[in-house]
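Owing to the predicted nature of the structure, the values given are computational and were not obtained by experimental measurement. Proteins get letters first, then strands, A, B, ... in listed order; numbering begins at 1 in each.
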Amino acid sequence: MQSYFIRAPNVVSVTIQRREVIAGIVSAAAAGLAGCVALGGDSDRPAISGETLTLTTTTSTYDTGLLEELNAPFEERYGVTVATVSQGTGAAIESGRSGDSDVVMVHARSQEDAFIEEGYAINRRDLMFNDFIIIGDSDDPAEISGTADAVEAFTQIADSESTFVSRGDNSGTHTQELEIWDETGLEDVNFGEWYQEAGQGMGDVITQTGQSQGYTLSDRGTYLSMSNETDLEIHVEGPVEGGSELLANPYGIFAINPAVHENVNYDLAMAYIGFITSLEGEKIIEEYTVEGEQLFFPEAIAAEPNFRQYVPEQWDGSNNG
Amino acid sequence: MPLELHTLVAGFPFEWNYIRSIIEVSLYVSLTAVVLSTLVSVPVALFVGFKEFRGKTLCTSIINTGMGFPSVVVGLLVLFTVSNDGPLGSWDLVFTPEAMIISQFVLAAPVITGVSLAAVSSVEQNVRDAAYAMGGTRFDVALVTIKEARYGIATAVLAGFGRAISEVGSVLIVGGNIAGSDGTSVTRTLTTAIQLEARQGRFETAMILGAILVVLVLFINAIVVRLGNGGGRYG
């Protein structure tokens, strides 16, 4: 309380000061009830100033450090705070479902589409993409190095029963991995002890894969940001390096429907979506590098209309998924 | 090894704000939770310890079971409670330090109650009888018992604090492990930070945080033991 008053910046005369204090007490009481802390008295700030946006997202966007770069200028421009909770795609969407987050940034189109169809998610935008890669021990016991086709590489790993560490956490990467296994046509009985479900974030899984000298599917971003800490090598490239299209990894962002959860901060969520899909936001994404390599490729800005980004991919009956 | 130490020291100033804010959040959450649990637990322990009533054994075993309650389960239950869909949804507590205080309160309270109960029960009946005989009220008897059992109660508070500050499961779920874009912790504690740093492969930072956690627990232990001695001298 005390420090809040001292911080009030535009106090000129005693009258104004008193008015500010009264306004401050009222708004502080309101803020206390609402459970948030800093409400600014500045009238020249946008109305959303001082509020907190809760973003639930995946471990891959968080662990690469990209979000810090994106959030800092957004927070500065609007005078708000972004509380980023990195959970993995499945949990991030569940937080949105219970109204605990205002905006969700994930990478599993099938899960996003289901969420839109259930009415929880609105105003989805394509945000950016990178790709998945199949990484593994440099010995490469399954001899998948240089294989162009991800499905073939997975089949070889299964045939040679080489250790494969799965995220096993319902994340976007895990969803993608399961889709590739589906394509191989292998049955459950083919998955023996060599197939390990970690139930952990990408970083943990990369570390674990290194320890057990196995293979795993990783997004390129997390792998690059950890390349100093791991000896694993890229064996199968994704589309960013001209590899298998099946390994594309698109990120989407959407707001939680205020008609379903009226407590969500919809204005701020849309401001955030607006900012990171703006030219400025996309430039930050474009220019973000780790170890000299670009991690994410912006996808929101295009002159050609892309209606499919707002609705479930299959929505109009078209069958080109 | 000397090289490693050098990089640790060199890297330190850049992360000082990060580490300091994490320590602050950890202490704020755990100390508040332990103070609140103590205020509730010690009276409960006194009541259960003194009073003979039906279901006393059951009550004691519930408390003892609570001492080993898994923190992730507590986290999950607290999340359901404070989530916007839950009964306390309108309080907007999810992903805040206050939600973490609730879950650590739930974790620490049975430990403090259970250990205090053991301490209080071991105060000999004749001490209490003597206090009565000297014309003490119920309150006086309770005070005498607390004084007699102070080492046990101090141990209980320490055990509760140890449980609170070292648990990672519940605070991760209800707090969300949030740090601002400038690296200032909002709901990131030492334990959840260690988990995150290890996930990202930054084992040095994780080790530093781990060392700080251990030193912090030692420090708080020392203070409480000291207080216990002081009370003994003048009591």
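Looking at A:Gln87, only its side chain comes within 4.5 Å of chain B, counting heavy atoms on both sides. Neither the backbone nor the side chain of B:Leu172 comes within contact range of chain A; no heavy atom of the residue lies under 4.5 Å from a heavy atom of that chain. Interface remark: A:Asp63 contributes backbone and side-chain atoms alike to the contact with chain B (heavy atom separation under 4.5 Å). When heavy atoms are compared at a cutoff of 4.5 Å, B:Val186 does not approach chain A at all. Heavy atoms of A:Thr84 lying under 4.5 Å from chain B belong exclusively to its backbone. Both the backbone and the side chain of A:Thr59 come within contact range of chain B, with heavy atoms under 4.5 Å apart. Proximity to chain B involves both the backbone and the side chain of A:Glu68, based on heavy atoms less than 4.5 angstrom apart. Neither the backbone nor the side chain of A:Thr230 comes within contact range of chain B; no heavy atom of the residue lies under 4.5 Å from a heavy atom of that chain.
With no hydrogens or angles considered, no side-chain donor-acceptor pair links B:Ser30 and B:Arg163 at under 3.5 Å.
Using cut-offs of 30° and 60° on the angle between ring planes, the pair A:Phe74 and A:Tyr272 is perpendicular.
No more than 12 heavy atoms of other residues, nucleotides or ligands lie within 6.0 Å of CE in B:Met207, so this atom counts as exposed by the packing criterion.
Rounded to the nearest 0.5 Å, atoms CD (A:Glu229) and OG1 (A:Thr207) are 8.0 Å apart.
Heavy-atom pairs under 4.5 Å with chain B were tallied for A:Ser98, A:Gly203, A:Gly99, A:Ala91; the largest tally goes to A:Ser98.
A salt bridge does not link B:Glu24 to B:Arg188: none of the charged side-chain nitrogens sits closer than 4.0 Å to a carboxylate oxygen.
Between A:Ser166 and the choices A:Glu197, A:Glu177, A:Gln196, the side chain to side chain donor-acceptor pair (under 3.5 Å) rule is met once, by A:Glu177. When each of A:Asn71, A:Val103, A:Thr52 is tested with A:Val82 by the rule side chain to side chain contact (heavy atoms under 4.5 Å, CB included), just one qualifies, namely A:Asn71.
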